[in-house]
Structures are given as C-alpha cells and as structure tokens.
Amino acid sequence: MTRQMTGAKMVVQALKDQGVDTVFGYPGGAVLPIYDEIFQQNDIRHILVRHEQAAIHAAEGYARSTGKPGVALVTSGPGATNAVTGLTDALLDSIPIVVLSGQVPTFMIGSDAFQEADTVGITRPCTKHNWLVKETDKLSGILHQAFHVATSGRPGPVLVDIPKDVQFATGDYTPKPQAPIGHYQPQVKGDIETITQLVEAIERAEKPVFYTGGGVINSGPGASHLLRELVEATGFPITSTLMGLGAYPASGKAWLGMLGMHGLYEANLAMHGCDLMINIGARFDDRITGRLDAFSPRSKKAHIDIDPSSINKVIKADMPIVGDVGHVLEDVLKIWKARGRKVNREAIAKWWQQIEEWKKVKCLTYKQSETVIKPQYALERLEALTKGRDRYITTEVGQHQMWAAQYLGFEDPNRWMTSGGLGTMGYGFPASVGVQVAHPEALVINVAGEASWLMNMQEMGTAVQFNLPVKQFILNNERLGMVRQWQQLLHGERYSQSWSEALPDFVKLAEAFGAKGIICKDPKDLDDAIMEMLDHDGPVIFDCLVEKHENCFPMIPSGEPHNKMLLGDAQATNAIAGKGAVLV
C-alpha cells in the first residue's frame with residue numbers, strides 16, 4: 001500500500017523496510033534533507049566517519065562480518081568521488097553495499113553547479129549497477145531494487161544518486177514487499193548434467209584438490225557447512241584464496257593453508273600437481289594462478305561460480321557450473337551419496353603421502369632474534385593470546401596482510417576482512433570500525449603496517465567518539481614493506497621511495513585522540529604488551545617495532561609457476577628442494 005512522503009523520508013523508510021540498523025556517512029549540503037530525517041528517528045544508527053572513503057570501507061567491514069548489506073551515505077561532488085576507491089574495492093571482492101549519494105537539484109545537473117560531479121558516470125565502472133533518480137515517485141522502488149541487486153547473484157556495490165529537489169519533493173512510497181525488483185534474477189541452481197560429470201570425476205580422481213574462494217562465504221553459512229561435509233566425506237585436501245579463509249577451519253585435518261603468491265608450499269605444489277581441481281567460488285585471480293601457461297598443467301578443472309562472466313574468463317574450465325555455491329554443493333553431495341559415496345581411496349592415500357612430504361619443508365620457518373621482534377613472531381603471539389576468543393580480524397595491505405593470513409587461524413567464515421582484489425591501503429582501520437559496530441562485544445583487531453594505517457588514521461576520531469574498542473596492531477618496520485621487498489628481489493636493491501620518514505609517535509598520537517597507545521620493541525615484553533592491549537576496554541594503537549628488512553616468504557616471483565617458490569629460512573630436504581623449492 002503506497003503512501004505520500006518526501007523523498008528524504010522515503011530514504012529512511014526504505015532503509016527501515018530493508019532491516020538496516022546502521023549507516024556510515026558524512027553530511028554535506030546535497031544530503032541535508034536525508035540527515036534531517038535521520039535526526040528525527042531512533043531506529044537507524046548513524047556512524048559519523050571522518051572521510052567518505054572510510055564510510056565505504058566501514059560498510060564493507062559491517063557487510064563482510066554480518067552477511068548483511070552495508071550502507072553508506074555521502075554528499076555530492078567530493079563526497080561521492082571520495083567513495084570511488086571503496087566502491088571499486090567492494091566490486092572486486094564481491095561485498096554487498098548500498099551507497100546513497102546526494103546530487104545537485106535536477107534543474108542544475110550539467111551546469112557545473114557547486115559540488116556537482118557526474119556521479120553515475122564516474123561510478124558506473126566500479127558498481128554492479130547505479131541509478132540517478134529524477135522523480136520522487138520512483139525513488140522507493142529504486143532503493144528496494146538497489147538492495148536486491150547488491151545482495152543477489154554475485155554480491156557487490158550499488159549506488160543511488162539522489163538530487164536534492166527529489167529529496168524535498170513529495171511522492172508515493174511503495175513498501176518493500178510490493179516494490180518491483182526488476183528483471184535481475186541470477187541463476188542459483190547449477191546444471192545437473194555438469195554436476196554429475198563433476199561427481200564422476202570425484203569418484204575417479206587420484207590427486208584431487210578443493211580450491212575455494214570468497215564465493216563460499218558470500219553464499220552464506222550453509223555453504224560453508226556443506227563444503228566441510230564434502231571435504232570430510234571425500235578426504236580430499238583443501239586450500240583457499242585470501243578471501244576464502246575461514247570457510248573451512250584452519251584446524252581441519254584436510255587443510256593445506258592459503259595458496260597463491262604468498263601461499264604455503266604444500267598448497268601451491270598440490271595445485272600444481274593435482275589431476276582434479278575443484279574451484280568453488282574463486283575467480284582464478286592472477287595472485288593465485290601465477291604464469292597462466294604453467295598453471296596446474298595436468299588437471300581437469302571444475303569451476304563453480306554464480307557469476308557467468310567469471311567462467312572461462314582467465315582459465316578454461318572443463319566442467320563449468322554456473323550457480324550459487326550452496327545450491328551446487330547440495331546437489332553435488334546428493335548425487336555423490338546416491339551413487340555410493342565412491343572415491344579412489346588408495347590413490348588419495350598416496351596423494352596425501354606426497355603432500356605430507358611437501359609439508360616437511362615447513363615453509364613458514366623463520367629465525368626469531370632475542371633482541372628484535374620478527375613480524376611473524378608478533379603474529380604468532382597475537383594468535384596464541386587471542387585464539388578461542390570471539391575474534392574478528394581486519395588488515396591493511398602489504399607484508400603484514402600476508403603474514404596475518406599465514407600465521408592467524410580462522411575457524412569460521414566472516415571472521416576475516418581484508419582487501420583482496422584491489423589491495424587498498426587504508427582499508428583495515430575503517431573496516432574494523434564497521435566490524436566493531438556490528439559486533440560491539442567482540443574483540444576486533446586490525447593488523448596493520450604503519451604506512452597503510454596512516455592513510456585513514458583520522459578514523460581514530462570515529463573510534464573514540466563512538467567508544468569502539470578496536471585494537472590497531474601496527475607492525476612498524478618504518479618501510480613500505482612489500483614495495484621494499486620487491487625492490488630488493490626484483491629491482492636490484494634500488495629502494496626508490498620505500499622508506500617512511502617523519503613517522504608520528506603512535507603513542508602520543510593515540511593519546512591526542514583520547515585513546516590508549518602502547519609501544520613494544522623487545523620480544524621479551526611482547527606477551528605482556530599484547531595482554532595490556534586486549535585488557536583495555538577502549539580503542540588502542542599498538543606500535544610493535546619489528547625487524548625493518550624482513551621479507552615475506554614463501555613467494556612465487558612474478559612470471560613464475562607454482563612450483564618455483566622462494567622459501568626464505570625454510571629448510572627443505574635435498575630431495576624436496578630439488579623439485580622446485582628455491583632457498584634464499
């Protein structure tokens with residue numbers, strides 16, 4: 001049943017109809033009517049960020065940790081353009097967010113009015129879909145459609161651009177159940193014939209591996225449960241992309257660890273040597289595949305993905321299955337069980353023997369100093385002292401991000417928030433704000449590098465204002481660590497602009513914002529310092545001074561296949577080292 005209200009009131013009512021409880025935003029002239037409506041209600045909480053990019057990343061953290069769409073509200077012009085990085089980040093990592101932007105009045109569009117930008121044109125390449133609403137009567141329907149598009153199929157960001165006169169004008173509001181959702185109806189059920197071919201391949205495989213990605217998590221908790229059931233029933237090894245960590249537990253007996261450029265030796269060698277690769281909700285990203293012509297050269301490849309455009313885009317699939325991961329895994333299990341739950345047990349046992357040999361390399365080995373904290377050691381201690389807690393981890397981007405993925409264990413989905421596809425420095429802090437808002441009683445830690453963290457340091461104001469006890473765990477090497485590593489290994493040790501100078505005193509910076517600051521540089525003090533951080537009931541900046549020139553290994557150098565890895569301090573047996581490991 002429709003009813004009359006202003007466009008601004010429609011926005012707030014639509015958010016309520018969609019079950020939204022939190023909006024991250026920053027006001028400006030073109031959205032003041034909406035902010036006025038927010039002021040006059042108490043159902044939706046508004047979190048005032050200090051920069052629009054942070055609003056989008058906070059909405060991403062909220063979405064990733066809850067499975068619900070995140071919502072951000074920004075003004076026109078610079079407000080909208082500041083949101084572009086976050087929108088692109090969400091698009092590449094398939095994060096469902098709805099961004100509402102103000103726009104100059106319709107009669108001024110195209111006149112270069114104050115704070116005018118072609119928001120729809122600018123954001124078209126970095127959203128699933130966007131809308132410029134020119135009629136108030138159409139606003140509610142478009143808002144409901146925006147949530148449908150953001151959350152259906154492959155999730156992603158959408159944007160609704162709302163001119164100021166549309167916000168002031170009165171029109172008919174259509175409630176969610178009655179609003180048309182348009183023609184966008186993604187395919188969720190996979191082709192049964194191809195699924196049956198996959199089951200037949202599972203029955204015959206001698207060297208199988210499950211290769212899983214963020215699509216498993218995006219499909220919902222049911223998909224992770226089905227994945228775990230399938231892995232346990234078949235006895236096949238499983239690995240994951242950076243975005244898929246937690247879909248299968250790190251403590252699971254079939255877990256090989258993360259794969260890819262900084263993935264584990266055994267995971268990459270299993271991918272390289274397998275005869276059946278079952279890709280579930282991953283997109284064959286270049287950080288995973290390495291050199292395409294040498295990527296898993298002897299395997300048959302199944303690819304399960306809800307996005308048809310991802311199938312055969314990078315790697316040709318022998319068994320392409322378009323559909324939602326949860327629905328497809330349900331059918332795989334049903335057909336496999338009906339056919340007698342068959343696998344080639346003898347061959348798989350030999351395959352596991354080979355994998356156990358690769359594990360003996362102990363590719364995450366490092367040499368801890370008595371006087372200097374190694375970043376790996378810092379994360380090992382963080383893992384040991386927080387394991388078993390109600391814990392969520394976000395990261396910035398760089399070496400610390402890869403070390404976090406290697407040394408922190410995730411038992412459940414939606415506990416790990418990181419920027420995978422775009423690699424956005426400055427993502428982690430505002431994402432941790434979004435996670436903490438969604439889970440006020442949980443322990444939320446942002447693992448950061450000092451260079452990345454400074455990119456959105458202003459969000460300490462948000463954390464303090466809203467009393468969000470987020471812990472900023474900064475691995476401070478006074479370097480742009482990953483840039484410096486590549487310069488050392490690939491650019492003749494020419495360290496062009498990769499040293500951070502004039503860094504702030506992070507303890508004083510924390511205190512200036514009204515938060516707690518902790519500094520630690522001695523390995524003997526690390527456990528006590530971490531516990532001090534964990535025991536503090538407010539936001540903390542933890543400045544962990546670490547080895548300045550530590551490199552992140554394992555590493556597949558650019559242009560090399562999976563079986564040509566740099567292993568750092570890992571000590572391989574001669575037999576194994578001769579088969580692809582390169583010790584540096």
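All values reported here derive from a predicted model rather than from experimental measurement.
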(request) Decide side chain to side chain contact (heavy atoms under 4.5 Å, CB included) for V546 and Y377; before the verdict, give the C-alpha distance in whole Å, the side-chain angles of both, and the deciding distance to 0.1 Å. (result) CA-CA 9 Å; V546 298; Y377 178 71; over 6 Å; no
(request) For side chain to side chain contact (heavy atoms under 4.5 Å, CB included), just list the numbers for S101 and T75, CA-CA rounded to whole Å, side-chain angles, deciding distance to a tenth of an Å, and then say yes or no. (result) CA-CA 5 Å; S101 59; T75 195; over 6 Å; no
(message) Please determine whether side-chain hydrogen bond (donor to acceptor under 3.5 Å, both in side chains) holds for the pair Q487 and S498, giving the CA-CA distance in whole Å, both sets of side-chain angles, and the decisive distance to 0.1 Å.
(response) CA-CA 9 Å; Q487 288 172 338; S498 57; 2.7 Å; yes
(message) Could you walk me through whether N446 and T394 satisfy the side-chain hydrogen bond (donor to acceptor under 3.5 Å, both in side chains) test, starting with their C-alpha distance in whole Å, then the side-chain angles of each, then the deciding distance to 0.1 Å, before giving a yes or no?
(response) CA-CA 5 Å; N446 177 39; T394 67; 3.0 Å; yes
(message) Pair Q103, D161 - check side-chain hydrogen bond (donor to acceptor under 3.5 Å, both in side chains), show working.
(response) CA-CA 6 Å; Q103 184 55 275; D161 201 30; 2.8 Å; yes
(request) Kindly determine whether Q488 and N551 satisfy side-chain hydrogen bond (donor to acceptor under 3.5 Å, both in side chains), including the steps that lead there. (result) CA-CA 9 Å; Q488 177 188 339; N551 286 332; 3.2 Å; yes
(request) Kindly indicate, with the supporting measurements, whether the criterion side chain to side chain contact (heavy atoms under 4.5 Å, CB included) is fulfilled by S140 and Q13. (result) CA-CA 9 Å; S140 60; Q13 187 59 51; over 6 Å; no
(request) Please test Y26 against H51 for ring-ring contact (aromatic ring centres under 6.0 Å, His included), starting from the C-alpha separation and ending with a verdict. (result) CA-CA 7 Å; Y26 201 93; H51 191 284; 8.3 Å; no
(request) Please step through side chain to side chain contact (heavy atoms under 4.5 Å, CB included) for the pair V71 and T22, ending with a clear verdict. (result) CA-CA 7 Å; V71 179; T22 305; over 6 Å; no
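Judged as a ring-ring contact (aromatic ring centres under 6.0 Å, His included), and not counting sequence neighbours, H262 has no contacts. Remark: A55 engages F24, V49, A72 in a side chain to side chain contact (heavy atoms under 4.5 Å, CB included) (not counting sequence neighbours). Residues satisfying the side chain to side chain contact (heavy atoms under 4.5 Å, CB included) criterion with D165, sequence neighbours excluded, are P105, T106, F107, P163.
Panel note: side chain T212, backbone T239; a donor-acceptor pair is recorded below 3.5 Å. Looking only at distances, no side-chain donor or acceptor of S219 sits under 3.5 Å from a matching main-chain atom of G215. Checking side-chain atoms of E60 against main-chain N and O of A63 turns up no donor-acceptor pair under 3.5 Å. At least one donor-acceptor pair under 3.5 Å links the side chain of N82 to the backbone N or O of P78. Although no hydrogens or angles enter the test, the distance criterion places no donor-acceptor pair under 3.5 Å between the side chain of R64 and the main chain of G61. Of the possible polar contacts, none joining the Y248 side chain to the D412 backbone as a donor-acceptor pair under 3.5 Å is found. The backbone N or O of L48 lies less than 3.5 Å from a partner atom in the side chain of T462, making a donor-acceptor pair. Looking at Q115, its side chain never comes within 3.5 Å of a backbone N or O of A30 through a donor-acceptor pair. The backbone N or O of V444 lies less than 3.5 Å from no partner atom in the side chain of S432, so there is not a single donor-acceptor pair. In this structure a side-chain-to-backbone donor-acceptor pair under 3.5 Å is missing from S152 to V149.
Within the 4.5 Å cutoff, no side-chain heavy atoms of N130 are placed close to those of V160. Using a 4.5 Å heavy-atom cutoff, the side chains of H439 and S65 are in contact. Using a 4.5 Å cut-off on side-chain heavy atoms (C-beta onward), I56 and I97 make contact.
Between the side chains of T85 and Q53, no donor N or O sits under 3.5 Å from an acceptor N or O. With 3.5 Å as the limit, one finds a donor-acceptor pair spanning the side chains of R50 and Q465. For the residue pair S251/E411, the side-chain donor-acceptor check at 3.5 Å is satisfied. Defined by atom type and a distance below 3.5 Å, a donor-acceptor pair is missing between the side-chain atoms of W499 and E478.
Taking each heavy atom of M457 and F429 in turn, the nearest pair found is O-CE2, 3.8 Å. Contact between G7 and L139 at its shortest, heavy atoms only, is O-CD2, 3.3 Å. Across all their heavy atoms, K164 and P33 have their closest contact at CE-CD, 4.0 Å. Of all heavy-atom pairs between A223 and V216, the closest is CB-O, 3.5 Å. Nearest heavy atoms, G481 versus N477: CA-ND2, 3.8 Å. Listed here is the closest heavy atom pair of E396 and M425: OE1-C, 4.2 Å.
Geometric assessment of R415 against the ring of F410 yields a negative cation-pi assignment under the 6.0 Å and 45° thresholds.
Here Y427 contributes atom OH and S452 contributes atom OG; the two are 12.5 Å apart, rounded to the nearest 0.5 Å. Taking CG of L382 as the start and CG of L475 as the end, the distance is 9.0 Å to the nearest 0.5 Å. With rounding to the nearest 0.5 angstrom, the CZ atom of F473 is 12.0 Å from the NE2 atom of H400. Summarising the geometry, atom CH2 belonging to W486 is positioned 5.5 Å from atom CE belonging to M555; distances are rounded to the nearest 0.5 Å. A distance of 11.0 Å separates CG in L91 from OG1 in T123, rounded to the nearest 0.5 Å. Rounding to the nearest 0.5 Å places OH of Y407 at 13.0 Å from CE of M402.
Y366 OH: more than 12 foreign heavy atoms inside a 6.0 Å radius. Heavy atoms of other residues, nucleotides or ligands lying less than 6.0 angstrom from NZ of K387 number 12 at most. A 6.0 Å sphere centred on CD of E370 holds no more than 12 heavy atoms belonging to other residues, nucleotides or ligands. Taking a 6.0 Å sphere around NZ of K9, one finds it holds 12 or fewer heavy atoms contributed by other residues, nucleotides or ligands.
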Side chains of residues 502-515: which donor-acceptor pairs under 3.5 Å do they make with residues two or more places apart or in other chains?
unit_1: D505; atom_1: OD1; unit_2: V507; atom_2: N; d: 3.0
unit_1: D505; atom_1: OD1; unit_2: K508; atom_2: N; d: 3.1

Going by atom type alone, with no hydrogens or angles, which donor-acceptor pairs under 3.5 Å involve a side-chain atom of residues 529-544 and a protein atom two or more places apart or on another chain?
unit_1: E532; atom_1: OE2; unit_2: K516; atom_2: NZ; d: 3.2
unit_1: D543; atom_1: OD1; unit_2: N476; atom_2: ND2; d: 3.0

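The side-chain hydrogen bond (donor to acceptor under 3.5 Å, both in side chains) analysis of residues 89-99, with sequence neighbours excluded, yields the pairs D89-S419, D89-T424, S94-R154.
Under a 4.0 Å N-O distance rule, the pair D118/R124 does not qualify as a salt bridge. For E383 and R391, the salt-bridge test passes: some basic side-chain N is under 4.0 Å from an acidic carboxylate O.
Between W131 and H129, the ring planes lie perpendicular to each other; the angle is over 60°, past the 30° to 60° tilted range.
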